[in-house]
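The sequence lines fix the lettering, A, B, ..., with proteins before strands; numbering per chain opens at 1.
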Amino acid sequence: MYPRTLHQPDQPILDVLHLSVSYEGREALENITFHLHAGELVAVVGPNGAGKSTLFKVVAGVLPPTSGEVKISGYGPRGHICIAYVPQRSQVDWRFPASVADVVMMGRIRQVGFFRWPHRADWDTVHAALEAVDMNSMANRQIGELSGGQQQRTFLARALAQEAELVLLDEPLNGLDTPSQEAILSLLDKLRQQKITVMVATHDLGQAASRFDRVMLLNHQLVRFGSPQDVLTSENLLRAYGGHAQLIRGADGTTTLADTCCDGEEEHE
Amino acid sequence: MNNLFNIFLQPFSYDFMLRGLAASVIVGVVCAVVGVYVVLRGMAFFGDALAHAVLPGVALGYLLSGGSRDTLFWWALGAAVLVALAVGRISKHAEIREDTAIGILFASMFALGIALISTVRSYSVDLSHFLFGNVLGVSTRDLVLTSVFGGVVLLTIFLFYKEFLVLSFDPVLAATLRLPSGLLNNILLVLMALTVSVAMQTVGVALMVAMLVTPAASASLLTRRLWQGMLVSAAIGAFSAVTGLYLSYYFNIVSGSAIVLTATAIFLLVFLFQPRRGLVWKKR
């Protein structure tokens with residue numbers, strides 16, 4: 001049941017092979033193939049409805065692929081508890097009667113095991129995780145009392161408490177002010193130092209270029225995946241964004257792309 | 001002083017009142033605790049449907065046993081489990097919206113139940129017992145069944161506390177942690193079915209949803225942790241049961257109604273006066 005028994009050390013943490021997903025005949029993802037190695041920090045960009053959430057859900061094992069396969073450290077999707085998926089904030093019921101520490105402990109319930117209650121050591125792990133995201137002073141708050149950035153950090157702490165090795169963050173920076181965004185981004189750098197692999201769906205192409213190792217440009221198909229310089233060219237961006245793109249040529253010769261799309265929902269819940 | 005004691009003790013000098021009290025308190029507590037999940041997961045309509053859909057099962061048992069009430073609990077239990085799992089399946093493979101499916105199922109099952117009961121001559125009396133419960137008719141056997149199955153429900157909720165918590169708060173986390181979500185969901189549905197069967201004799205089919213929802217709703221306004229909500233809800237459920245029985249005894253009201261109205265009065269008080277968030281505080 002535990003992740004390490006399912007891991008081959010010499011394999012990439014994530015292999016996605018010829019992955020396709022369709023809903024009601026409509027193709028959400030077509031023939032996606034890529035590999036991630038331990039400790040990579042990857043930005044996933046693309047217009048709304050490009051299939052970013054769908055990709056994350058398939059990788060997390062929440063949604064079955066229509067065809068193709070997903071391998072975690074060389075093994076199929078079953079049995080892994082090393083993947084953490086942090087949903088968009090709009091997908092969470094913030095009035096739910098749970099404290100910050102309760103939510104973080106939720107990440108550990110498989111380590112605790114059925115018919116058992118968390119031990120002292122589990123609570124220590126929870127508080128260490130909260131300490132790592134600078135949230136331990138809020139441990140007993142009800143989750144609805146938090147700001148957007150604090151909510152996002154709580155879910156990151158949950159991924160840490162889960163001892164996740166692959167963390168998927170769906171639009172974690174949306175609607176946050178600059179200091180809160182900066183706090184999250186520097187946390188992601190910390191995760192990279194711990195060899196935790198992180199995929200982040202984002203609309204901010206500037207951050208994707210400056211803060212991530214690799215960028216994945218997605219629009220149903222994998223338009224391009226590689227270093228930010230290779231991927232974020234105007235040609236690629238126009239291919240991915242089509243009519244939603246707005247290219248702005250700056251005075252210093254840099255190209256800026258304004259994603260005219262919004263912070264709305266992805267194509268499914 | 002003596003008089004005051006008498007007011008509280010007199011009703012329970014009768015054995016049937018004592019049994020009724022014990023059954024009501026157990027039902028009040030079990031409904032209130034299960035109700036916390038019903039409220040959290042937005043399943044109030046489902047609870048109502050489940051209670052109503054039990055009626056044809058009970059009616060069938062009633063007809064087949066020639067009017068005996070001994071086996072009714074088992075008929076109710078069978079019907080409730082069947083309906084709960086069926087609706088669980090329907091909502092998974094949704095071609096129509098879940099609330100529409102429940103609406104169709106619930107009204108038609110209820111109609112079938114009434115149709116069956118109406119074939120018996122004395123149907124209006126029996127029907128009213130099914131619809132509104134009959135606390136004073138609780139036998140020792142009924143009380144044993146109520147305690148055993150009520151206990152099973154509470155024990156299961158205790159054992160799966162953290163799994164149900166995750167499933168209710170974040171089904172996606174449940175899936176990424178590879179929890180057996182389908183199985184756990186079905187366990188939760190069966191627990192609701194057990195609760196409905198246990199509560200049928202005390203509050204009846206028609207008012208069941210109030211026992212599930214009202215104490216839990218009051219508790220949700222007063223607490224910020226799931227386990228606290230369960231404890232407070234259970235306390236409100238038990239208190240409503242006892243108070244309701246007194247009201248029933250002294251004012252000659254049907255006990256199910258009296259219990260539900262007490263729970264409603266508590267909810268209104270909480271809604272108006274809850275610390276910091278209540279209507280009364282907001283006015284200032």
Between CG on residue B:Leu173 and CD1 on residue A:Ile109, distance to nearest 0.5 Å
7.0 Å
Ordered numerically, the heavy-atom neighbours of chain A under 4.5 Å found in residues 228-238 of chain B are none
With side chains defined as the heavy atoms from C-beta onward, is the minimum distance between A:Phe96 and B:Ser168 less than 4.5 Å?
yes
What one should report as the nearest heavy-atom pair of A:Gly107 and B:Leu177 is O-CD2, 3.9 Å
Under a 4.5 Å heavy-atom cut-off, does chain A meet the side chain of B:Ser181, its backbone, both or neither?
neither
Sequence-distant partners of B:Ala217, side chain to side chain contact (heavy atoms under 4.5 Å, CB included), two or more places apart
B:Phe267
Using 0.5 Å steps for rounding, measure from the OG atom of A:Ser99 to the CZ atom of B:Arg224.
11.5 Å
Side-chain contact test, heavy atoms from C-beta onward, threshold under 4.5 Å: evaluate it for B:Leu40 versus A:Pro97 and give yes or no.
yes
Side chain, backbone, both or neither: which part of A:Val86 has a heavy atom under 4.5 Å from chain B?
neither
Closest heavy-atom contact between A:Tyr85 and B:Val172?
CD2-CG1, 3.4 Å
Bottom line for A:Ile143: the part with an atom under 4.5 Å from chain B's heavy atoms is side chain
N/O donor-acceptor pair under 3.5 Å between B:Arg225 side chain and A:Asp102 backbone:
no
Check whether A:Ala98 gets within reach of chain B through its side chain, its backbone, both or neither, counting any heavy atom under 4.5 Å.
backbone
So which residues of residues 148-155 of chain A are in contact with chain B at a heavy-atom cut-off of under 4.5 Å?
A:Phe155
Part of B:Phe158 within contact of chain A (heavy atom distance under 4.5 Å)
both
Of all heavy-atom pairs linking A:Asp93 and B:Phe169, the shortest is O-CE1, 3.7 Å
Does B:Phe239 CZ have over 12 foreign heavy atoms under 6.0 Å away?
no
Part of A:Arg158 within contact of chain B (heavy atom distance under 4.5 Å)
side chain
Distance-only criterion, 3.5 Å: show the donor-acceptor pairs between side-chain atoms of residues 114-121 of chain A and protein atoms not counting sequence neighbours.
none

Rounded distance [0.5 Å steps], CG in B:Leu165 versus CE in A:Met105
11.0 Å
CE (A:Met106) and CD (B:Glu163) are apart, to the nearest 0.5 Å, by 11.5 Å
Side chain to side chain, B:Thr176 and A:His80, heavy atoms closer than 4.5 Å:
no
